[in-house]
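Reading through the structure tokens given below for one structure.
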Amino acid sequence: VGSTHRRDPHAYGVSYFSSRGPTGDGRRKPDLLAPGEKIVSTAPGDITRCLDGTSMAAPHVAGAAALLMARYPELVGNPCRIKEILKKSATDLGREPYYQGAGVLDILRAMQSV
């Protein structure tokens, strides 16, 4: 999962710190993007912090996968199908595929596409 700006991914594109492809065997990297800049998250000491990173983007995708499985139980145990749904429903930012993958996560479109 790559990172992009949380509110304006079309203007800012892929975060500068987000890893890019291709992989050693020629595959695209990342598979898709999710918000990963200026994400408010919990931190030790019962506080919140504003954080950046692909570690902030990955939970968005995990949550989207969980929503799909909750709504469509037939997807439980089928991670390849979930990945396919998320990638096909992503919003293209018009950037190089080896930078953006399939585009930005769009959970509403993903839910409606099944």
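Only heavy atoms go into these numbers, but all of them, side chains included; no hydrogens, no water, no symmetry mates.
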Kindly indicate whether the side chain of Arg28, heavy atoms from C-beta on, has any atom under 4.5 Å from the side chain of Thr23. no
I'd like to know if the side chain of Ser3 pairs up with that of Ser18 as donor and acceptor (distance under 3.5 Å, no hydrogens or angles considered). no
For Lys29 and Ser19, what are the C-alpha separation, side-chain angles and deciding distance, and is it a side-chain hydrogen bond (donor to acceptor under 3.5 Å, both in side chains)? CA-CA 7 Å; Lys29 179 182 178 180; Ser19 184; 3.0 Å; yes
Minimum heavy-atom separation for Gly103 to Ala90, with atom names? C-CB, 3.8 Å
Flag yes if Val76 and Leu67 sit in one hydrophobic cluster, no otherwise; membership is Ile, Leu, Val, Met, Phe, Trp, Tyr, and two members link when side-chain heavy atoms are under 4.5 Å apart. yes
Evaluation steps, salt bridge (charged side-chain N to carboxylate O under 4.0 Å, His left out), between Glu84 and Lys87: CA-CA 5 Å; Glu84 176 187 357; Lys87 287 174 64 174; over 6 Å; no
Taking all non-hydrogen atoms of both residues into account, name the closest pair between Gly13 and Leu93 and its distance. CA-CD1, 4.3 Å
Could you walk me through whether Ile85 and Met111 pass side-chain contact (heavy atoms from CB on, under 4.5 Å), step by step? CA-CA 9 Å; Ile85 291 166; Met111 295 289 282; over 6 Å; no
Backbone N/O of Ser89 and side chain of Ser113: donor-acceptor pair under 3.5 Å: no
CG/Asp46: more than 12 non-hydrogen atoms of other groups inside 6.0 Å: no
Closest approach of Ile82 and Ala65, non-hydrogen atoms and distance? CG2-CB, 3.8 Å
Test His60 against every option in Ile39, Ile107, Val104 by the side chain to side chain contact (heavy atoms under 4.5 Å, CB included) rule and name the one that passes. Ile39
Is there side-chain contact between Val40 and Arg49, with heavy atoms separated by less than 4.5 Å? no
Under a 4.5 Å side-chain heavy-atom rule over Ile, Leu, Val, Met, Phe, Trp and Tyr, are Leu51 and Val14 clustered together? no
Taking Met56 as the starting point, is it possible to reach Val1 by hopping between hydrophobic residues whose side chains are less than 4.5 Å apart? no
Which value, rounded to the nearest 0.5 Å, describes the distance between His5 atom NE2 and His10 atom NE2? 12.5 Å
Working to the nearest 0.5 angstrom, can you tell me the gap between Leu32 CG and Asp106 CG? 10.5 Å
Report yes or no: does Asp52 contribute a side-chain atom to a donor-acceptor pair with the main-chain N or O of Lys38 at less than 3.5 Å? yes
Answer with yes or no whether the hydrophobic clustering places Tyr98 together with Leu33; edges join I, L, V, M, F, W, Y residues whose side-chain heavy atoms lie under 4.5 Å apart. no
Under 6.0 Å from the CZ atom of Arg20, do we count more than 12 heavy atoms belonging to anything else shown? yes
Give, for atom OG1 of Thr91 and atom CD of Gln100, the distance between the pair rounded to the nearest 0.5 Å. 9.5 Å
Would a hydrophobic clustering, with Ile, Leu, Val, Met, Phe, Trp and Tyr connected at side-chain separations under 4.5 Å, put Leu86 with Tyr99? no
Can you tell me if Arg109 has over 12 outside heavy atoms packed within less than 6.0 Å of its CZ? yes
Taking C-beta and beyond as the side chain, do Glu37 and Phe17 meet within less than 4.5 Å on heavy atoms? yes
